[in-house]
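See structure below.
Remember, predicted model here, so these are calculated numbers, not experimental data. All heavy atoms count here, side chains included; hydrogens, waters and symmetry mates do not.
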Amino acid sequence: MKFKIVSKGDERSERIKATMKNYLTEFDLVYDRAEPDIVISVGGDGTFLEAFHRYVHRLDKTAFIGVHTGHLGFYADWVPDELEKLIIEIAKTPYQVVEYPLLEVIIRAKSGGSEDRFLALNEATIKTPDGSVVFDVEIKGEHFETFRGDGLCISTPSGSTAYNKALGGGIIHPTLEAIQLTEMASINNRVFRTIGSPLILPKHHTCLLKPLVDRSFLITIDHVTKNYTNVKSIQCRVAKEKIRFARFRPFPFWNRVRDSFVTDDDRKSRDDLIK
């Protein structure tokens with residue numbers, strides 16, 4: 001089996017990377033930067049996103065594992081204290097593949113030509129440096145609303161716990177193939193009126209955003225932001241591709257949510273207050 005390790009780059013993460021690389025190669029696994037079967041992320045969720053986008057062209061062939069060296073990250077199955085166990089599992093145990101849905105974003109220009117297509121693991125956000133964004137929002141080819149506000153966030157189910165949650169969006173279990181459209185400070189008056197609540201769209205529904213004001217947009221795909229001008233439309237839907245996680249033990253989604261946002265220490269503190 002071929003593997004690659006993507007590190008956050010700090011001293012602790014680099015030390016773990018070196019340890020894993022040495023032991024896994026001793027187990028006759030091959031370190032392959034170009035075509036790995038498994039990519040191991042050592043760092044935080046940002047490092048995991050970097051690893052995902054680095055190998056986004058190999059999603060049908062590559063599975064991902066997260067080892068977190070800071071605070072417990074949402075995509076982490078493993079922590080440094082479990083390093084020896086993880087190395088043995090990778091070397092000796094067939095892994096289970098768990099798939100999560102992704103977001104497809106297609107940006108089209110008014111001048112035509114080629115389209116820019118991206119896949120997001122967490123979300124895409126659309127803002128502007130020039131005041132408010134103004135979009136006609138179409139769902140399944142029909143006009144739904146005209147949005148004016150600070151911006152829009154379109155998230156995956158796994159990304160629903162990230163920026164989407166901070167905006168008041170709901171948490172969606174990743175077995176549900178859907179995307180979520182969440183508003184950023186929408187303006188509601190006699191001219192502009194929005195639903196005012198997050199929208200959850202199934203995989204066969206496409207959301208099309210058409211700018212009504214000609215200005216530049218800051219479009220962020222996970223952790224990378226690009227400036228776009230002359231935008232005709234931004235199309236969002238559930239991607240046909242999925243991310244594949246290599247699992248060696250169960251890690252239920254709601255346990256992951258609880259461990260990320262509702263810690264045992266908080267529960268103990270609450271119980272102490274009740275007493």
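Note: the hydrophobic cluster containing Ile187 does not contain Leu199 (ILVMFWY, side chain heavy atoms under 4.5 Å, direct or indirect links). Both Leu24 and Met1 sit in one connected hydrophobic cluster of ILVMFWY residues. Membership requires side-chain heavy atoms under 4.5 Å apart, directly or through other members. Clustering ILVMFWY residues whenever any of their side-chain heavy atoms sit less than 4.5 angstrom apart, transitively, puts Phe147 in the very cluster that holds Ile139. Both Leu209 and Leu201 belong to a common hydrophobic cluster when Ile, Leu, Val, Met, Phe, Trp and Tyr are linked at side-chain heavy-atom distances under 4.5 angstrom. Transitive grouping of hydrophobic side chains (ILVMFWY, heavy atoms separated by less than 4.5 Å) brings Val257 and Val262 into a common cluster.
Considering every non-hydrogen atom in both Pro36 and Arg58, the closest pair reads O-NH2, 3.1 Å. Looking at every heavy atom in both residues, Cys236 comes nearest to Leu103 through CB-CD1, 4.1 Å. Minimum heavy-atom separation, Leu119 to Ile221: O-CG2, 3.6 Å. Thr47 and Val42 make their closest contact through CG2-O, 3.7 Å (heavy atoms, listed as atom of the first residue, atom of the second, distance). Of all non-hydrogen atoms in Asn122 and Ala162, the two that sit nearest each other are ND2-CB, 4.0 Å. Heavy-atom minimum distance, Ile16 versus Thr69: CD1-CG2, 3.5 Å.
Taking the side chain as every heavy atom from C-beta outward, Thr125 and Leu152 never approach each other to under 4.5 Å. The side-chain heavy atoms of Phe52 and Leu102, taken from C-beta on, include a pair separated by under 4.5 Å. Residues Ile38 and Thr62 are not in side-chain contact: their nearest non-hydrogen atoms beyond the backbone lie 4.5 Å or more apart. In this structure, Phe248 and Ile65 have side chains that are in contact, with non-hydrogen atoms separated by less than 4.5 Å. At least one side-chain heavy atom of Ile40 sits under 4.5 Å from a side-chain heavy atom of Met20. At a threshold of 4.5 Å between non-hydrogen side-chain atoms, the residues Pro174 and Phe253 count as touching. Inter-residue side-chain proximity for Arg148 and Val213 is flagged as unmet; no heavy-atom pair is nearer than 4.5 Å. Side-chain contact between Phe64 and Ile243 is present, with heavy atoms from C-beta onward closer than 4.5 Å.
Taking the six-membered ring where tryptophan is involved, the planes of Phe3 and Tyr31 are perpendicular, since the angle between them exceeds 60° and thus also 30°. Under the 30°/60° scheme for interplanar angles, the aromatic rings of Phe245 and Phe48 are found to lie parallel.
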Working for side-chain contact (heavy atoms from CB on, under 4.5 Å), residues Lys127 and Met184: CA-CA 9 Å; Lys127 303 177 183 179; Met184 303 177 195; 3.6 Å; yes

Audit row: Glu241, Arg117, salt bridge (Lys or Arg N to Asp or Glu O under 4.0 Å) steps and yes/no: CA-CA 13 Å; Glu241 300 93 339; Arg117 180 180 185 267; 3.0 Å; yes

Trace of the side-chain contact (heavy atoms from CB on, under 4.5 Å) decision for Thr229 with Val231: CA-CA 5 Å; Thr229 58; Val231 175; over 6 Å; no

Test log, rule side-chain contact (heavy atoms from CB on, under 4.5 Å), inputs Cys207 and Leu181: CA-CA 9 Å; Cys207 175; Leu181 179 68; 4.2 Å; yes

Full working for side-chain contact (heavy atoms from CB on, under 4.5 Å) between Glu138 and Lys210: CA-CA 8 Å; Glu138 294 183 1; Lys210 294 182 175 180; 3.1 Å; yes

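The line from NZ of Lys92 to CD1 of Ile87 is 12.5 Å long, rounded to the nearest 0.5 Å. Residue Lys2 holds its NZ atom at 5.0 Å from CD of Glu35, rounded to the nearest 0.5 Å. Between atom CG of residue Asn189 and atom CZ of residue Arg193 there is a gap of 7.5 Å, rounded to the nearest 0.5 Å. One distance of note links CZ of Arg54 with OG of Ser41; it measures 9.5 Å at 0.5 Å rounding. To the nearest 0.5 Å, atoms OH (Tyr228) and CZ (Arg108) are separated by 13.0 Å. Atoms CG and OG, from Asn230 and Ser111 in turn, are 4.5 Å apart once rounded to the nearest 0.5 Å.
The backbone N or O of Ser158 sits less than 3.5 Å from a side-chain atom of Thr161, completing a donor-acceptor pair. One N or O on the side chain of Glu82 and one on the backbone of Val79 form a donor-acceptor pair closer than 3.5 Å. Thr25 contributes a side-chain N or O that, together with a main-chain N or O of Asn22, makes up a donor-acceptor pair within less than 3.5 Å. Panel note: side chain Glu145, backbone Ile195; a donor-acceptor pair is recorded below 3.5 Å. A donor-acceptor distance shorter than 3.5 angstrom exists from the side chain of Thr128 to the backbone of Ser216, with no hydrogens or angles considered. Between the side chain of Asn255 and the backbone N or O of Phe251 there is no donor-acceptor pair closer than 3.5 Å. Under a 3.5 Å cut-off, the side chain of His68 and the backbone N or O of Gly43 do form a donor-acceptor pair. No donor-acceptor pair under 3.5 Å is formed between the side chain of Asp136 and the backbone N or O of Pro211. Under a 3.5 Å cut-off, the side chain of Asp45 and the backbone N or O of Phe74 do form a donor-acceptor pair. Of the possible polar contacts, none joining the Thr220 side chain to the Asp222 backbone as a donor-acceptor pair under 3.5 Å is found.
Side chain to side chain, Thr175 and Tyr100 fail the donor-acceptor criterion of an N or O pair below 3.5 Å. Defined by atom type and a distance below 3.5 Å, a donor-acceptor pair is missing between the side-chain atoms of Thr206 and Gln235. In this structure, a donor-acceptor pair under 3.5 Å is present between the side chains of Ser7 and Glu14. Side chains of Thr194 and Asn188: a donor-acceptor N/O pair is present below 3.5 angstrom, by distance only.
Using a 4.5 Å cut-off between side-chain heavy atoms of Ile, Leu, Val, Met, Phe, Trp and Tyr, Leu176 falls into a hydrophobic cluster with Ile172, Ile200.
Geometrically, Lys4 does not engage Tyr55 in a cation-pi contact, judged by NZ or CZ lying under 6.0 Å from the ring centre and within 45° of the ring axis. At least one test fails for Arg247 against the ring of Tyr95: distance under 6.0 Å to the centre or angle within 45° of the axis. For the pair Lys226 and Phe118, the NZ or CZ position fails the cation-pi test of under 6.0 Å to the six-membered ring centre and within 45 degrees of the ring normal.
For an aromatic pair to be called close, the ring centres must be under 6.0 Å apart, and Phe135 with Phe217 satisfies this.
Counting non-hydrogen atoms of other residues, nucleotides and ligands closer than 6.0 Å to NZ of Lys85 gives a total of 12 or fewer.
Note on Glu89 versus Arg249: no salt bridge recorded, every NZ/NE/NH1/NH2 to OD/OE distance being 4.0 Å or above.
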